[in-house]
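Everything on this sheet refers to the single structure shown next.
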2 protein chains.
Amino acid sequence: MTVDPHSTAGPASRHGHDHAHCIADALTRADALCAERGARLTALRRQVLELVWNSHKPRGAYAILEDLSQREGKATAPLTVYRALEFLVEHGLVHRIESLNAYIGCAAPGAVHSGQFLVCETCGNAVEIDDPRIRAAIGTIAAEHGFQVSRPTVEVRGTCTDCQEKTP
Amino acid sequence: MTVDPHSTAGPASRHGHDHAHCIADALTRADALCAERGARLTALRRQVLELVWNSHKPRGAYAILEDLSQREGKATAPLTVYRALEFLVEHGLVHRIESLNAYIGCAAPGAVHSGQFLVCETCGNAVEIDDPRIRAAIGTIAAEHGFQVSRPTVEVRGTCTDCQEKTP
DNA sequence: GGTCATGGCGTTATCTTATTACATCGCCGG
DNA sequence: CCGGCGATGTAATAAGATAACGCCATGACC
């Protein structure tokens, strides 16, 4: 098993949860979802998904690439990671955070994917939210403009509670 | 004066407005705004602002760079453009569209900058909106999370009315 | 007018992020 | 068995962005 860098204090990391379990959970859900859809969650894709979840915060494609190379013991090409990420994003298992050029595990794969995030500029964490009010408001204004929505993106930059406390 | 590529049919372009006038207007407002703030809208920055407005749709930094080089008659360094864009974005004269890595002139500089866009994936156009419902919803959920907002980003990808009609 | 600090700009190099083009492999249906 | 298709490997390169350094114009101050 791989060590979670955040779990130095034990299974209950600073995220306030059992991170190893949380990763395992995500992988199990991914397995189920892909099986259901007939999508092929290959070893490589599964590996990348695990690496995305591993940090539990937005992570760049090249950072994931490094992780993967290290694990495999040999250099891997960027394309390998990008292709895997493309698959994962397509199936809603991973979100891309545009304003960071980074990827993060989806908290609720299978559900509606509005892709709303609170992105902390201090600690780099991104919390996925799914606010019906925002979703509704976007739907309304899009309709008013005759605009057909395919992928709403909401990325709220700012400072999370923890970081506000640290620097008052 | 430079020819607007969209204005082949005359001053009233397919945007349904007098585009030359619209650019001139943006520049005038920028002049006023910068004067008011004591910010220096130098020749270069003004030039870049004009180039951003010229296409009237999101435009990448390197595309702007090419335009600039052509106008100046000599190669310009990327940094030149990036610095100008940074200034323009800081002063709210230009918005960066994260999901496109592109820049577009702000429709209402000086006003509140929520930075909301309807981005058409077919024609590449981006319409700036400023929906109070979305703004309010973001404020509410951020408050619920104790999250301090610095820059809300809303980029709704989809298909605009025109493009829907063309491909029914 | 001289001088100094500041901010804008030029030059070069480099870094990160992402994609294109083409070859190969392996699984599955016929 | 074999044809086809989707997944992966390899190499090269495009696109986007920044770092480090220094010169020069502007304006404040003496």
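The chains referred to below are lettered A, B, ... by the order of the sequence lines, with proteins before strands, and numbering in each begins at 1. Note that the structure is a prediction, hence the values are computed from the model and not measured. Scope of the values below: all heavy atoms of this structure, side chains included, with no hydrogens, waters or symmetry mates.
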Can you check the [X] [atom1] to [N] [atom2] distance for me, whole Å?
| X | N | atom1 | atom2 | value |
| --- | --- | --- | --- | --- |
| B:Glu86 | C:dG8 | CD | P | 10 Å |
| B:Ile97 | D:dA15 | CD1 | C1' | 18 Å |
| A:Tyr82 | C:dT17 | OH | P | 7 Å |
| A:Leu65 | D:dT10 | CG | C1' | 14 Å |

Exercise for the section: Would you please classify the geometry between the B:Tyr82 ring and the B:Tyr62 ring as parallel, tilted or perpendicular, with 30° and 60° separating the classes? Expected result: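 Rings of B:Tyr62 and B:Tyr82: perpendicular, over 60°.
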Practice task
Would you please classify the geometry between the A:Phe117 ring and the A:His95 ring as parallel, tilted or perpendicular, with 30° and 60° separating the classes?
Solution key: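 If you compare the ring of A:His95 with that of A:Phe117, the planes turn out perpendicular.
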Practice task
Scan residues 32-46 of chain A against DNA chain D and write down, sorted by residue number, each residue with any heavy atom closer than 4.0 Å; if none is found, say none.
Solution key: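 Heavy-atom cutoff 4.0 Å gives A:Arg40, A:Thr42, A:Leu44, A:Arg45.
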Handout entry: Check: A:Thr153 and B:Ser99 side chains under 4.5 Å, non-hydrogen atoms
Key =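 No, every pair of side-chain atoms sits at 4.5 Å or beyond.
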Exercise for the section: Indicate whether A:Tyr62 forms a stack on C:dT17; treat it as stacked only if centroid distance is below 5.5 angstrom and interplanar angle below 30 degrees. Expected result: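 Stacking is present between C:dT17 and A:Tyr62, given that their ring centres fall under 5.5 Å apart and the planes under 30°.
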Practice task
Flag yes if more than 12 heavy atoms outside B:Glu72 fall under 6.0 Å of its CD atom; otherwise flag no.
Solution key: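 Yes - once you tally the heavy atoms of other residues, nucleotides and ligands closer than 6.0 Å, there are more than 12.
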With respect to the phosphate group of [N], does any side-chain polar atom (N or O) of [X] fall under 4.0 Å of OP1 or OP2?
| X | N | answer |
| --- | --- | --- |
| B:Tyr103 | D:dA17 | yes |
| A:Thr80 | D:dT8 | no |
| B:Asn101 | D:dA15 | no |

Exercise for the section: Check whether the side chain of A:Arg83 and the base of D:dG6 form a donor-acceptor pair under 3.5 Å. Expected result: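 Looking at the base of D:dG6, it does not pair with any donor or acceptor on the side chain of A:Arg83 (distance under 3.5 Å).
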Exercise for the section: Please step through side-chain hydrogen bond (donor to acceptor under 3.5 Å, both in side chains) for the pair A:His91 and A:Arg37, ending with a clear verdict. Expected result: CA-CA 9 Å; A:His91 285 85; A:Arg37 294 182 191 169; 4.6 Å; no
Exercise for the section: Could you check A:Ala63 against B:Ala77 and say which one's nearest nucleotide on DNA chain C is further toward the 5' end? Expected result: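 It is B:Ala77, whose closest nucleotide lies nearer the 5' terminus.
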Exercise for the section: Using a strict 4.0 Å threshold on nitrogen-to-oxygen distance, state whether A:Glu98 and B:Arg157 make a salt bridge. Expected result: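 Between B:Arg157 and A:Glu98 there is no salt bridge, as every charged N stays at least 4.0 Å from the carboxylate O atoms.
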